Amino acid sequence: MGKTINVKMLSFSYNGNVNQLKKINLKVNPGEVIVLTGPSGSGKSSLTRVINGLIPYFYNGELSGEIELDGKPISAIPTYERGRYIGNVFQDPRSQFFANEVAGEIAFGCENYGYSHDRICEQVEFAAKMIQITDIMDFNLHALSYGMRQKVAIASAYAVAPEVYVMDEPSANLDTKSTFIFGELVQKLKREGKTVMIAEHRLHYLLGIADRYLCMDDGEIVREFTDNEIRTLSDDMIQLLGLRTPDLRNIVYFAQAVQKKKKKVFELVDLCKKFGKITAADKISFSGYSGEIIAIIGSNGTGKSTIGKLMAGLIKEDSGQILLYGKPTKKKYRLGQVWYIPQDLDSQLFGESLLDELLTGKKETPERKTKALQIIQQLGLTNVIKQHPATLSGGQKQRLALGVALMYNAPIIIMDEPTSGLDGRNMKKVSKIIKELADEGHVILVITHDAEFALACCGRAIQIQNGKIVHDFLIKDPIEILQKMDYL
Amino acid sequence: MNNAHIPKLKQLDGRTILMITIIACFVTFLAPDQYSHALFTLFLLILMCLSGYWKQSLCFAIVYIIIVGWLTIGIYNNIVFPSPLFLALIYKIIMPFIPAYMLNKIPSGQLTAGLRKLPIPQKILMVLIVMLRFVPTVSQEFKAVRDAMKIRGFLSSFGNVIRHPLGTLEYAVVPMVFRSLKISDELTASAIVRGIECPGNKDSYYVSTLTGIDLEISIITVLFAVVCIVII
């Protein structure tokens, strides 16, 4: 049976900073699934880290209060021993794995705890069966989709047979189908009586599974909702708490003003690209007009990013054409004209401050400097202008990346999963800025799994399946796009 | 398990190949002249062929010959571009790269299993494991950085890169450092909560045993290294 977690008067601050957690009191019963939600920086992750022992052992700071596991103070258990009782799943599938191949990864925890070779094999097999991944045991982890990798992460925790699971934004990198499959696994753990604690922005896949939803803000638990209450939360309350809409069918939807077809900016004609035997783009043809915001939707690995990279001139097409303003273009010409912003922004930021980020690479002239300052103001980043770009929050980094595209006057901007890991407030900020840029005449393509975001700013959607366009439609009805994005 | 179709040397234990790599590092810097250096390189290339890496072995051989040739011509004719120092560096590094390549091909779990049986302190072992894990990640991340540099036009022309090599390098290094810091932080956290620091003896999922062939190859390598450094 799962264990009781009892958090008593818990406070924590990273060295020299304001309190991340303020006198938290919380009791989680055995077999309960609870969700911690709330805006970025509200303390969700910190709370999970205190439970798994990373705070204060790895992330130093001042900690007071106590957590009890089945009545015993958790601080008495050394951090390296906690993995026996508490299994962990993290956000980024690229940075939580140690082995190159699935079986070795699942075995990692068992190996660390000194199980015998036979017992390790037994546990690995047992976990793989439960998570239903026995068919991929010798696969290379890097070749798996993010959804599959999160399954491996659960299997790896499960192999040690802990009674408590702690997860930190496990769905941030998953597509819709994988998210629901992940939800089913949480359900399975619940049925086995495990205690599960999930810090998460996206709530829709946990409806009907989680018992309680705790909203955090500024280091405190400010609200608590039951499953029923969270489903029917009013839009005002969602805004106030900075949440993602829990039940997507309730999204308050304002139809985007239908753009009169203005100037045609780009046209793709029968674009094809193969990687070995895999066809990533199969006769892709569509056009974009100035002022349009187009959502590119479809599951992971269907070729969405490939289209973006082809357009941006990062990879070369096998056949077909890309026309900009009616003229056929070569790969090299498109670099800088079509601006591709990838999902992971750390590899994008080269400067020492925001201003440096926008000015770097070309000669600094007074005109460019004035322009950069204007852009920073437009993006609402003036208050952090002196900071190093790497220290910005996820939403701020997205806005800065857009700023760089503006600096280069790119008429076409492609954003790959701009809202993964963003809370409701930041998602809305990003979508507002995208709309402003479209009004200025840019064409913006967003590759996304995020239906709420697509509904907040996109006027048109293109659905990709196995490298082909299967639907190209104007977004008029939220239900339609939810269906196309596999939510319903 | 049926291993009949696998070349016998491919079943070499990770520890043996690690030892060969370390020996190669010594030989490359201690070899008294280019002949003994070439001899040991040849020995490693043959090992590589026998392990089933025919093509890779050929590639290494070709690069080695080109570098040696270029270096010789360059020195006799006082050619300063590309810098002989640079060529000499590659010449010295190529040799240990041969066994390092084979090391890289071993599933990391198997290698870790082998390392765990060595009498090295836990802390050093952890550093080794993390480093081994880090290599593929860094190469992935580097691709992302290169794409970003292309978009910004930092790599727009060959001339541009040649004229400002340091600037270009800085653009590549800064995001790599930040990304690597973040990943190493998250990796370490993930390892800690999964008990990597748990003391005591550890067994592995993969069976890692030293066999006769490991012993034979180890002895041959050591003897050969001694011959190359001291006798010739």
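Small disclaimer: the values here were computed from a predicted structure and weren't measured. Per chain, numbering begins at 1; letters A, B, ... match sequence-line order.
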Closest approach of [X] to [Y] (non-hydrogen atoms, all atoms of both residues):
X: A/F90; Y: B/S190; value: CE1-CA, 3.8 Å
X: B/A148; Y: A/S347; value: CB-O, 3.5 Å
X: B/G195; Y: A/Y113; value: CA-OH, 3.3 Å

Give, as side chain, backbone, both or neither, the part of [X] having an atom under 4.5 angstrom from any heavy atom of chain B.
X: A/A99; answer: both
X: A/R84; answer: side chain
X: A/D118; answer: neither
X: A/E105; answer: both
X: A/V166; answer: neither
X: A/F98; answer: both
X: A/N52; answer: both
X: A/Y115; answer: backbone

So do [Y] and [X] actually touch side chain to side chain, heavy atoms under 4.5 Å?
X: B/F154; Y: A/T360; result: yes
X: B/F178; Y: A/T391; result: no
X: A/R82; Y: B/V193; result: no
X: B/I151; Y: A/Y340; result: yes

Looking at [options], which has the largest count of heavy-atom pairs under 4.5 Å with chain B?
options: A/S95, A/P78, A/G83; value: A/S95
options: A/G114, A/G351, A/A157, A/P342; value: A/G114
options: A/R49, A/R334, A/Q337, A/H388; value: A/H388
options: A/G109, A/G336, A/S116; value: A/S116
options: A/L349, A/N140, A/T79, A/I120; value: A/I120

Pick from [options]: which one has the most heavy-atom pairs with chain A under 4.5 Å?
options: B/C198, B/G200, B/P199; value: B/C198
options: B/L181, B/L111, B/V145; value: B/V145
options: B/K150, B/M176, B/E170; value: B/K150

- With distance as the sole test, does A/H117 use its side chain to make a donor-acceptor pair with the main-chain N or O of B/D203 at under 3.5 Å?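 Answer holds: no.
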Does B/R152 reach the main-chain N or O of A/Q348 with its side chain, forming a donor-acceptor pair under 3.5 Å?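 Here the side-chain-to-backbone pair exists.
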Distance, nearest 0.5 Å, that separates [atom1] of [X] from [atom2] of [Y]:
X: A/I315; Y: B/D147; atom1: CD1; atom2: CG; value: 8.5 Å
X: A/L54; Y: B/T188; atom1: CG; atom2: OG1; value: 10.0 Å
X: B/K202; Y: A/C110; atom1: NZ; atom2: SG; value: 12.5 Å

Taking side chain as everything from C-beta outward and backbone as N, CA, C, O, which of these in [X] sits under 4.5 Å from a heavy atom of chain A? Side chain, backbone, both or neither.
X: B/V174; result: side chain
X: B/M149; result: both
X: B/N201; result: backbone

Discussion item. If you apply the rule side-chain contact (heavy atoms from CB on, under 4.5 Å), what do you find for A/Q96 with B/L187, and how did you get there?
Written reply: CA-CA 5 Å; A/Q96 55 178 312; B/L187 259 178; over 6 Å; no
Subject >> Side-chain ion pair, A/D344 and B/R179, N-O less than 4.0 Å >> reply: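 Salt bridge present between A/D344 and B/R179.
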Short N-O contact, A/E111 and B/R194, less than 4.0 angstrom:
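Result for this pair is no, no salt bridge flagged.
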Under 6.0 Å between ring centres: does that hold for A/F108 and B/Y205?
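Aromatic pair excluded; centres sit 6.0 Å or further apart.
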**Study point:** Crowding at CZ, B/F97 (>12 non-hydrogen neighbours, <6.0 Å)
**Key:**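 12 or below, so no.
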Please check if any side-chain donor atom of A/Y57 sits under 3.5 Å from a side-chain acceptor atom of B/E197, or the reverse.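 A pair is found: one side chain offers a donor N or O, the other an acceptor, under 3.5 Å apart.
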